[in-house]
There are 2 protein chains.
Amino acid sequence: MSTIKKVCQLAGVSTATVSRALKNPSMVSEKTREKILKAIAESGYRPNVLASSIKTGKTNTIVVLVPNLSNPFFLKIIQGIEQAAQESGYSVLLGDTQGDPARENEYAGMVLSNRVDGIIHLDHSFPFSDNDAALAEAVPMVSVCERIVSDIKYPVIELDNYAACRALAKHLISYGHQKFAVIAGQIDSQIHRDRLGGITSVLAEENIAFNDDMIVGGEYSIEAGEKGVNILMSRHEKPTAIFCFNDDIAIGAIHEIKKHGLKVPGDISVVGFDDIKVSGYIDPPLTTIHQPASEMGRKAVEVVLKQIRKEVLKKDREIMQFQLVERESTGLAKNS
Amino acid sequence: MSTIKKVCQLAGVSTATVSRALKNPSMVSEKTREKILKAIAESGYRPNVLASSIKTGKTNTIVVLVPNLSNPFFLKIIQGIEQAAQESGYSVLLGDTQGDPARENEYAGMVLSNRVDGIIHLDHSFPFSDNDAALAEAVPMVSVCERIVSDIKYPVIELDNYAACRALAKHLISYGHQKFAVIAGQIDSQIHRDRLGGITSVLAEENIAFNDDMIVGGEYSIEAGEKGVNILMSRHEKPTAIFCFNDDIAIGAIHEIKKHGLKVPGDISVVGFDDIKVSGYIDPPLTTIHQPASEMGRKAVEVVLKQIRKEVLKKDREIMQFQLVERESTGLAKNS
DNA sequence: ATAGGTAATGTAATCATTTACATTGTACTC
DNA sequence: GAGTACAATGTAAATGATTACATTACCTAT
């Protein structure tokens, strides 16, 4: 592999001039620049980014911490991140944490060992270990969808989950539903509280009874949707409408409801959350909340790059627009 | 950020000793190692991986080139890659190329500029530009699923697509199907030729007519499946069974067939390829070929790491086991 | 007691760049 | 024609680690 020195020799200039010809073309004369470019082509020279990074202190890389790579919704966010990063000359390191704190520590630590410049976190955990907590203060980091729980405030890109769930609840009530259940994802996060809060606020306004027994689940997966339905079906009092806290759960739930010989939405209406691609293609097509996933990813990049460049952030909370997508998994409540 | 020098001061030793205490603990005495560990904890020191990499010439990072991040099947592979890489102390850089040669060049070039040590390519294109082609010779690179087309031979991890499609064809013929169509993905790749070859070989053996008119498509997406069905349905001669070259296409196809008022498999049987998670949950559940996606990812990491370490590869072609998963999207042919 | 071996540590070169500072050269002004 | 300004380039220090080589100290065998 040829280094800058080979180019120097070929072009008959100093390393400084070669470096300038590449990073700061206006500082070298047209003539020498051409000479250098020719030498570069001839030698097949490629600047060693490591050497460059060590001097400038910038790696032009960000790491994305994902709790669950199988979730297509995260994928969409990551796609947005990747594109925006690329446009800004940044690379994206993938950190599949599986929600495991040890892995989160490891990936988050990359910013401390100069491997990456910033972190985009798709989970609510504080990814640094106790050891590193003090150092985390100045770390460029942003959370998407979830809100990071920590003493330090980090900017967040999120949906108005509360309002979105209010919209879903009103939609179902407009079809005459009175008996609701929730199949939730992880329940120790802020978005869970926001979503649940949105639902219960509407139910309270409408004087519809609801209690925590009607909340099942604990994981954002198809299997959790199946399992959730089975639990609900084993109960005496059965819901006529189920809020699933993501589309994967809803897909599992609908599948399982049909297995029980019941109709969606004839017997039970189901709503999801996220609007992943396939939700429009299952049977029945899913009523859900559309999140602008790839835009959220782009926004996250924008914010974390601003932090990296030490620009001032106007807002530390960006709220994205949701959209209620009415498809065919919701309909009139039975016996109403 | 504290450097190795601060640790030296605190521990009262030289940089060499600190470095050795971390990378080669057996070379320093127990006593000084403890002293150094204490100093590290005290200072919050994190080794700068850039400085380390520049000296060792290893970045401990590989880049994955993905043509299409929205495809859940690739995701599964990437998940396998990420896990295997992590276990070996490697990080994964994500390169969403969208099949764009310019982006491929850019990402592939990372190995030439010391940003990554190797490449895992999920597409069939030769990712280097003409400029860099000569340098590509020694680059650690492996292709998964597809086979890279180039003068240089790279190892490949793939399925026996030919045999898999033979199995699908035989399965459908056993249900009495005689009129087939194919909704393909990109048709200029080796896997397309292998898969098509598998199908036509069986049809030839059974004296079943088939010609290129019955091949539609050109992209691996849900939309391509819908469009493909519409083209086929506009024809005079309609198929009773459709081979979709991935599950996304099959999902779109089934959805569109039902829109036309036809039944799957009553009127038309549909098979997919890949066995993505959701394929078991659509209506009807999809008959498809299961690929061990995450194992393929793991295998790819194994192979590329061997190349990086300049170990000799026993095989330059790893063929993975497929499995025909019979679900409910296939059944007896109409009028048979 | 001396030579020789070994374990532990230190010194300083090295990796490939960037960049502060120094130098050179040219053109322009009075 | 001396002085000034500025553009272009060069020199060498610096980035933060690793590591070849040098040194020291101590132990053992003769």
Side-chain angles (χ1 to χ4, degrees), chain A residues 1-40 43-61 89 109-117 135, chain B residues 1-40 43-61 89 109-117 135:
Chain A
M1 198 95 329
S2 41
T3 74
I4 202 171
K5 287 213 183 109
K6 189 163 288 170
V7 178
C8 294
Q9 289 176 356
L10 280 164
V13 296
S14 72
T15 60
T17 306
V18 174
S19 177
R20 282 190 280 248
L22 292 170
K23 298 269 160 165
N24 237 327
S26 69
M27 287 182 73
V28 307
S29 75
E30 179 97 10
K31 230 174 60 187
T32 51
R33 190 164 64 240
E34 270 168 28
K35 215 163 47 180
I36 289 167
L37 258 31
K38 221 183 85 202
I40 288 174
S43 60
Y45 166 71
R46 285 296 203 117
N48 183 323
V49 293
L50 295 173
S52 162
S53 288
I54 203 182
K55 199 79 229 298
T56 60
K58 290 273 145 278
T59 62
N60 295 316
T61 305
M110 286 183 166
V111 81
L112 303 175
S113 43
N114 288 62
R115 197 189 202 74
V116 303
D117 296 339
L135 300 169
Chain B
M1 196 94 333
S2 42
T3 74
I4 201 170
K5 288 212 183 111
K6 190 164 286 170
V7 179
C8 294
Q9 289 176 355
L10 281 163
V13 296
S14 73
T15 60
T17 306
V18 175
S19 176
R20 282 191 280 250
L22 292 170
K23 298 269 160 166
N24 237 327
S26 69
M27 289 181 71
V28 307
S29 75
E30 181 99 8
K31 230 176 57 187
T32 50
R33 192 165 62 240
E34 270 167 27
K35 215 164 47 179
I36 288 168
L37 258 29
K38 222 183 82 200
I40 288 174
S43 60
Y45 166 72
R46 285 297 202 117
N48 183 323
V49 292
L50 295 173
S52 164
S53 287
I54 202 180
K55 195 86 226 299
T56 60
K58 290 272 148 277
T59 62
N60 295 317
T61 305
M110 286 181 165
V111 80
L112 303 175
S113 43
N114 289 61
R115 195 188 202 78
V116 303
D117 296 340
L135 301 169

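Lettering follows sequence order; numbering is per chain, from 1. The structure presented is a predicted model; accordingly, all values stated were derived computationally and were not measured.
Following rounding to the nearest Å, N24(B) (CG) and dT18(D) (P) show an atom-to-atom distance of 10 Å. Atom pair N48(A):CG and dT14(C):C1' shows a separation of 14 Å (rounding to whole Å applied). Between L50(A) atom CG and dT14(C) atom C1' the separation is 15 Å, expressed in whole Å. What separates NZ of K23(A) from C1' of dT17(C) is a distance of 9 Å, to the nearest Å.
Minimum heavy-atom separation, L22(A) to Y45(A): CD1-CE2, 3.9 Å. The shortest heavy-atom contact between S53(B) and K58(B) is OG-O, 2.8 Å.
Residues from residues 51-59 of chain A that place a heavy atom under 4.0 Å from any atom of DNA chain D, listed by number: I54(A), K55(A). DNA chain C lies under 4.0 Å from at least one heavy atom of each of the following residues of residues 2-9 of chain A: T3(A), I4(A).
When atom types are taken as modelled, the side chain of S2(A) and the backbone of S43(A) share a donor-acceptor pair closer than 3.5 angstrom. Proximity of a side-chain donor or acceptor of R115(A) to a complementary backbone N or O of V49(B) within less than 3.5 Å is not detected. Within the 3.5 Å criterion, the main-chain N or O of N48(A) finds no donor-acceptor partner in the side chain of S113(B). Formation of a donor-acceptor pair under 3.5 Å by the D117(B) side chain with backbone atoms of N60(B) is found in this model.
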*asked:* Each nucleotide in nucleotides 4-11 of chain D should get exactly one letter: B, S or -. Can you fill that in based on protein heavy atoms under 4.0 Å?
replied: ----SBBB

